[in-house]
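The structure appears right after this line, and notes come after that.
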Amino acid sequence: MSTRDKITLATLRSMKLDRRPISMLTAYDYPMAQIEEAAGIECILVGDSAAQVILGHNSTLPITVDFLVTLAAAVRRGAPTAYLVGDMPYMSYHVNHEEAIRNAGRFMAEAGCDCVKVEGDGRIAPTIEKMTAATIPVMAHLGLRPQAVHQIGGYRAQGRDAAAAERLVRDAKLLEAAGACAIVLEAVPAEPARQIAESTDLPVIGCGAGPFCDGHVLVLHDMMGLADGPPPKFVKQYADIRGAIRTAVDAYIEDIRSRKYPAAEHTYKMRAGEASVLADRAAGI
Ligand code: KIV
């Protein structure tokens, strides 16, 4: 049970002002959320990366609002005081503003999120403005935008030349002016990330955006070594959970094959005298 106060946008803003780095991770289920909450993480993102790390797709595109809202509600139950960010899936906020608001409202009302996250450059500003006007706080996701993978032509760092970096800085200003409550910057060099973090009052959360951001986020499965295949260059791996699970599953199979499991301590006992009654009846006595 957490004893800290609820983390709010005001908490994140004051952490930025005090230069205290904000920690953020993804989570997709109740037990992981409980662990992150107990560890004191400030922000949890129920990312559309679930499409890849939970469902095994090769992009984030196939995930649905229904699925992510269900996961977000489970994460909220496990992490009642974290600042909870619900990731809006591909095409859940692009068709028109009404759909964007309705879908975002589900993350807020059904799952108990504190804000939603949308990917986009400056062109997403009008959508953010409408969602914000409808009382929905919106975190803007700039830089590498996995939902635009087919436009970008792959998962690669953004803003690596001066012109592209300036575009990112300009886009961040547009999104702030539209009412965004925070910014995620993915796969961006440290220099433009620093300019963005220093030129806005919004908390700027880097995901592979160097050391000058106000906070940092990673996909849980990447940092704990549970993902399938090597993680992106910017990920620091803190554990080998895939290896640990494999070791446990190997040992379980071996125990079954060698009849070490289940042992007496894993087996229910009949009440005194009942086993012989059963045996007698089976023998027709
Ligand atoms: O979906 C996700 O996990 C994300 C992070 C990579 C920021 O958007």
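Met139 is not connected to Val116 by any chain of hydrophobic side-chain contacts under 4.5 Å among Ile, Leu, Val, Met, Phe, Trp and Tyr, and they are in different clusters. Val169 is not connected to Leu144 by any chain of hydrophobic side-chain contacts under 4.5 Å among Ile, Leu, Val, Met, Phe, Trp and Tyr, and they are in different clusters. Leu175 and Val184 are assigned to two separate hydrophobic clusters, defined by single-linkage of ILVMFWY side chains at heavy-atom distances under 4.5 Å. Tyr30 and Phe67 end up in different hydrophobic clusters when Ile, Leu, Val, Met, Phe, Trp and Tyr side chains are linked at under 4.5 Å. Val219 and Ile63 fall within a single hydrophobic cluster, where Ile, Leu, Val, Met, Phe, Trp and Tyr side chains are chained together by heavy-atom contacts under 4.5 Å.
Ion pairing between Lys6 and Asp114 holds under the 4.0 Å rule for side-chain N and carboxylate O. In summary, Arg19 and Asp214 do not engage in a salt bridge, as defined by a charged side-chain N under 4.0 Å from a carboxylate O.
Around atom CG of Asp250, more than 12 heavy atoms belonging to other residues, nucleotides or ligands sit under 6.0 Å away. Surrounding CG of Asn58 are at most 12 heavy atoms belonging to other residues, nucleotides or ligands under 6.0 Å away. Taking a 6.0 Å sphere around CZ of Arg242, one finds it holds more than 12 heavy atoms contributed by other residues, nucleotides or ligands. A 6.0 Å sphere centred on CZ of Arg4 holds more than 12 heavy atoms belonging to other residues, nucleotides or ligands. Atom CG of Asp18 sits in a crowded spot, with more than 12 heavy atoms from other residues, nucleotides or ligands closer than 6.0 Å. More than 12 heavy atoms of other shown residues, nucleotides or ligands fall within 6.0 angstrom of atom CG in Asp161.
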Side chain to side chain contact (heavy atoms under 4.5 Å, CB included) assessment of Leu218 paired with Leu25: CA-CA 5 Å; Leu218 287 177; Leu25 272 175; 4.2 Å; yes
Between Leu68 and Leu71, does a side chain to side chain contact (heavy atoms under 4.5 Å, CB included) hold up when you go through it step by step? CA-CA 5 Å; Leu68 272 192; Leu71 298 192; 4.1 Å; yes
Would Glu186 and Gln158 count as a side chain to side chain contact (heavy atoms under 4.5 Å, CB included) here? Give the steps. CA-CA 8 Å; Glu186 181 168 353; Gln158 303 293 303; over 6 Å; no
Residue pair Leu12, Ile7: steps toward the side chain to side chain contact (heavy atoms under 4.5 Å, CB included) verdict: CA-CA 7 Å; Leu12 304 183; Ile7 306 287; 3.8 Å; yes
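The structure places NZ of Lys173 at 10.0 Å from CD1 of Ile183, a figure rounded to the nearest 0.5 Å. To the nearest 0.5 Å, the span separating CD on Glu254 from NZ on Lys260 amounts to 6.0 Å. Interatomic distance, Leu61 CG to Tyr90 OH, rounded to the nearest 0.5 Å: 5.0 Å. Between the CG atom in Leu142 and the CZ atom in Arg170 there is a gap of 12.0 Å [rounded to 0.5 Å]. With rounding to the nearest 0.5 Å, the separation of CD1 in Ile44 from CE in Met32 is 11.5 Å. To the nearest 0.5 Å, atoms CE (Met223) and CD1 (Ile241) are separated by 9.0 Å.
For the side-chain contact (heavy atoms from CB on, under 4.5 Å) criterion with Val118, the lone passing option out of His141, Met131, His94 is Met131.
Its side chain outside the 4.5 Å cluster rule for every partner, Leu17 clusters with none of the Ile, Leu, Val, Met, Phe, Trp and Tyr residues.
Side-chain contact between Gln52 and Thr60: present, with at least one pair of heavy atoms (C-beta onward) separated by less than 4.5 Å. Counting heavy atoms from C-beta on, the side chains of Thr135 and Met108 never come closer than 4.5 Å. Put simply, the side chain of Tyr93 does not reach to within 4.5 Å of the side chain of Ile101, judged on heavy atoms. For the pair Val85/Met24, a side-chain contact is recorded, criterion being any heavy-atom separation below 4.5 Å from C-beta on. Counting only heavy atoms from C-beta outward, the side chains of Tyr155 and Pro146 approach each other to under 4.5 Å. Contact of the Thr11 side chain with the Glu42 side chain is not registered, since no non-hydrogen atoms from C-beta on lie closer than 4.5 Å. Taking 4.5 Å as the limit, every side-chain heavy atom of Glu274 sits out of range of all side-chain heavy atoms of Leu278. Taking the side chain as every heavy atom from C-beta outward, Val53 and Leu226 never approach each other to under 4.5 Å.
Minimum heavy-atom separation, Ser92 to Val65: CB-CG2, 3.5 Å. Of all heavy-atom pairs spanning Tyr83 and Cys181, the tightest one is OH-SG, 4.0 Å. Pairing each heavy atom of Arg20 with each of Ser14, the nearest pair is NH2-OG, 4.1 Å. Contact detail for Leu220 and Thr26: the closest heavy-atom pair is N-OG1, 2.8 Å. The two atoms that bring Ala180 and Ala140 nearest to each other are CB-CB, 4.2 Å, heavy atoms only. Of all the heavy atoms in Ala209 and Ala193, the pair that sits closest is O-CB, 3.2 Å.
Side-chain contact of Thr200 with Glu176: a donor-acceptor pair under 3.5 Å is present, judged by distance alone. When only modelled atom types and interatomic distance are considered, Glu37 and Thr81 share a side-chain donor-acceptor pair under 3.5 Å.
Between the side chain of Asp171 and the main chain of Gly122, a donor-acceptor pair closer than 3.5 Å is present. Between the Gln147 side chain and the Met88 main chain, a donor and an acceptor come within less than 3.5 Å of each other. No donor-acceptor distance shorter than 3.5 angstrom exists from the side chain of Lys16 to the backbone of Val204, with no hydrogens or angles considered. Formation of a donor-acceptor pair under 3.5 Å by the Arg194 side chain with backbone atoms of Cys213 is not found in this model. Judged by distance alone, with hydrogens and angles left aside, the side-chain atoms of Asp87 form a donor-acceptor pair with the main-chain N or O of Asp48 at under 3.5 Å. Within the 3.5 Å criterion, the main-chain N or O of Ala79 finds a donor-acceptor partner in the side chain of Arg76.
In this structure, His150 has no ring pair (Phe, Tyr, Trp, His ring centres under 6.0 Å) partners at least two apart in sequence or on a different chain.
Listed by first then second residue, pairs satisfying ring pair (Phe, Tyr, Trp, His ring centres under 6.0 Å) with a partner in residues 213-239 read Tyr28-His221, not counting sequence neighbours.
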